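Read the structure below first, then the notes.
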Amino acid sequence: MSRKIKREKASEYRTSNALLRSVRWVTDVYLIFLICIYPFVIKPGYASTSYVKYKFLTAISFYFDLGFIAVPTFVPIVTVLVFFGTIKHLQETGKSISDFIKEMKLSIPDIAVLIYLLSLVLSTIVSSNKKELLWGYPTWNMGLASQMLFICLYFIVSRFFDLYELELMTYAALISSAGVFIIELLQKLGFDPFGLYKGSPMVGWMASTMGNINWFSSYNTFFICIGAFIVWNFKKSDRIYKAGLLHLIISSASLITQNSDSALAGLFAMMPMLLIFSCDSMEKIRAFLEVLLILLLTFRAVGVIRFLRGDKASGMADPFLIMTQGVAVLILICLNIVAYIYLLRRKKNGKYDDIILKSIPKAYAVILVLILVVYFTYLMLNTKGFLPEKYSRTNRYFYLDPHWASNRGALWHDTLISLIMELKSEPLKFIFGAGSDQYYSVIDKYESSQIKEAIKSVATNAHNEWLTAFVNYGIIG
């Protein structure tokens with residue numbers, strides 16, 4: 001069956017009666033709540049923010065508690081609509097259930113999600129801590145209910161979301177995320193107009209309406225990729241290009257002030273990938289240079305603004321200071337301007353040839369490799385103590401010790417030890433996992449005194465999605 005026929009059959013199904021058509025509108029409303037309102041739900045305080053956000057997510061996804069009655073919301077409503085809408089569709093078309101199932105072909109992402117669902121079921125069966133499986137560890141709340149919600153959302157959105165509404169949703173996402181980033185920028189520049197974290201002992205670890213800076217960095221990294229893609233992919237005459245450009249400036253300014261290393265890792269992963277996808281077109285190479293130039297100029301502008309704000313601006317870690325005030329960034333800006341002007345002149349003279357197409361990506365690839373080689377060479381020499389005292393550093397970016405990467409290295413080590421111990425004592429858990437959001441119950445048995453002292457609370461995840469998933473869902477997951 002061709003893709004066109006499959007799309008036509010899918011469209012025929014979801015618009016065949018009022019019940020199924022209403023699923024689309026319910027999904028749209030839910031996505032608006034999720035995209036535009038959820039990011040701004042907040043209660044000052046580290047744990048308080050995560051708690052109220054999860055309560056809001058539960059309220060719009062499962063049920064809204066009025067005290068005397070629980071009102072069903074998105075998941076139960078859509079389940080009922082799809083169930084009875086499908087029955088009505090079968091009655092109207094005269095199809096059998098087996099014929100209907102045959103027509104609903106599964107895509108590769110569908111199969112991957114179903115395999116993940118299978119891993120949830122198997123880990124639930126094997127788990128020895130079933131009491132906390134449903135909702136997960138308090139304050140983290142990534143239990144079975146959350147995982148099933150994500151699976152449900154995938155299938156509902158992939159089947160009933162209308163691509164004609166994608167532009168509207170994109171604008172909504174750009175506007176709401178820009179609002180979150182602007183609040184963070186104001187906070188880090190010493191304004192904090194809403195006083196969200198005023199007087200909090202963890203003010204340096206919090207950002208905007210997201211709470212923890214690591215949560216914020218994930219949100220920022222996701223949306224900066226969208227802004228970068230829009231600037232890279234669309235023409236300047238397109239309306240969405242202007243929105244994407246403004247969003248990219250705001251999100252990159254927010255990224256360089258939020259102080260979480262994770263965002264830098266995301267940025268350094270995004271740009272080489274964007275470069276790879278640019279290698280088939282001179283126009284895409286030019287667009288890549290534009291994105292890179294926007295990022296670098298924004299970083300430098302933030303450095304100037306922070307300098308003008310003086311002591312009122314919050315502190316920054318070394319990598320962020322280098323990227324906003326360092327000479328290296330000025331050199332990169334100059335190199336990019338020269339490369340960009342050179343490309344424009346070649347285009348004007350009609351000499352947009354393959355030599356340039358091949359040489360610019362190679363040049364940037366060489367620069368990237370050199371940076372990585374220099375960094376890791378320095379890291380190893382500095383850690384081994386081979387450098388003169390004048391050139392040695394003991395901070396967490398250039399020196400490997402048990403506290404490397406904010407104790408992440410030690411936590412990953414303890415997680416690997418936990419997996420090895422589980423393989424010896426409970427091999428079924430190694431294969432199928434300990435269950436949804438049960439990482440804490442495994443690591444608690446094997447974590448070192450260093451991690452207990454550093455975290456001063458329960459380790460709910462490994463700060464590494466692969467290791468966390470391995471513990472929770474085993475090899476299958």
Side-chain angles (χ1 to χ4, degrees), residues 213-214 217 221 224 228 252 255-279 285 288-289 291-293 295-297 299-300 302-303 315-339 358-417 448 450-451 454 462-467:
I213 58 172
N214 292 314
S217 72
T221 304
I224 199 173
S252 56
L255 179 144
I256 209 63
T257 57
Q258 46 82 47
N259 242 12
S260 172
D261 309 339
S262 302
L264 291 182
L267 178 66
F268 292 145
M270 176 187 78
M271 294 310 295
M273 290 302 298
L274 199 60
L275 177 60
I276 291 170
F277 286 113
S278 301
C279 289
I285 291 290
F288 168 80
L289 291 177
V291 171
L292 186 55
L293 200 54
L295 290 171
L296 294 173
L297 287 172
F299 295 165
R300 197 66 191 184
V302 168
M316 295 178 89
D318 289 347
F320 299 93
L321 286 173
I322 292 170
M323 295 179 73
T324 55
Q325 300 174 21
V327 177
V329 173
L330 283 178
I331 295 173
L332 286 174
I333 289 173
C334 292
L335 289 173
N336 274 277
I337 290 174
V338 170
K358 294 175 181 178
S359 62
I360 289 181
K362 285 182 180 178
Y364 277 87
V366 169
I367 292 172
L368 178 63
V369 170
L370 283 175
I371 291 172
L372 291 175
V373 169
V374 170
Y375 172 74
F376 283 108
T377 301
Y378 179 87
L379 181 67
M380 297 311 297
L381 292 175
N382 186 52
T383 301
K384 294 293 184 180
F386 294 147
L387 296 177
E389 186 177 347
K390 181 180 178 181
Y391 300 106
S392 63
R393 297 288 185 274
T394 57
N395 66 45
R396 57 181 177 167
Y397 302 104
F398 302 109
Y399 186 78
L400 292 174
D401 68 356
H403 301 287
W404 176 76
S406 301
N407 295 292
R408 299 289 197 272
L411 185 58
W412 297 345
H413 173 269
D414 288 357
T415 302
L416 291 173
I417 294 297
S448 61
Q450 176 191 329
I451 291 299
H463 289 278
N464 180 308
E465 293 300 324
W466 299 101
L467 289 177

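The residues of the chain are indexed from 1 along the displayed sequence. Keep in mind that this is a model prediction, so the values were computed, not measured.
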If you take all heavy atoms of [X] and [Y], which pair is closest and at what distance?
X: I224; Y: S252; result: CD1-CA, 3.7 Å
X: W412; Y: N464; result: NE1-CB, 3.4 Å
X: S278; Y: F288; result: OG-CB, 3.6 Å
X: L267; Y: L295; result: CD1-CD1, 3.9 Å
X: A462; Y: T415; result: CB-OG1, 3.7 Å

ask   = Which residues satisfy the ring-ring contact (aromatic ring centres under 6.0 Å, His included) test with F277, sequence neighbours excluded?
value = none
key: Counterpart residues, ring-ring contact (aromatic ring centres under 6.0 Å, His included), relative to F299 (two or more places apart)   = none
Can you name the residues that form a side chain to side chain contact (heavy atoms under 4.5 Å, CB included) with [X], not counting sequence neighbours?
X: L330; value: R300
X: L293; value: L297, I333, N336, I337
X: T383; value: L379, Y399, L400
X: P272; value: L368

ask   = side-chain contact (heavy atoms from CB on, under 4.5 Å) between F320 and Q258: does it pass, once the steps are laid out?
value = CA-CA 9 Å; F320 299 93; Q258 46 82 47; 3.7 Å; yes
task = Kindly indicate, with the supporting measurements, whether the criterion side-chain contact (heavy atoms from CB on, under 4.5 Å) is fulfilled by T257 and V302.
result = CA-CA 8 Å; T257 57; V302 168; 3.5 Å; yes
query = By side chain to side chain donor-acceptor pair (under 3.5 Å), which residues pair with N214, not counting sequence neighbours?
reply = N212, S260
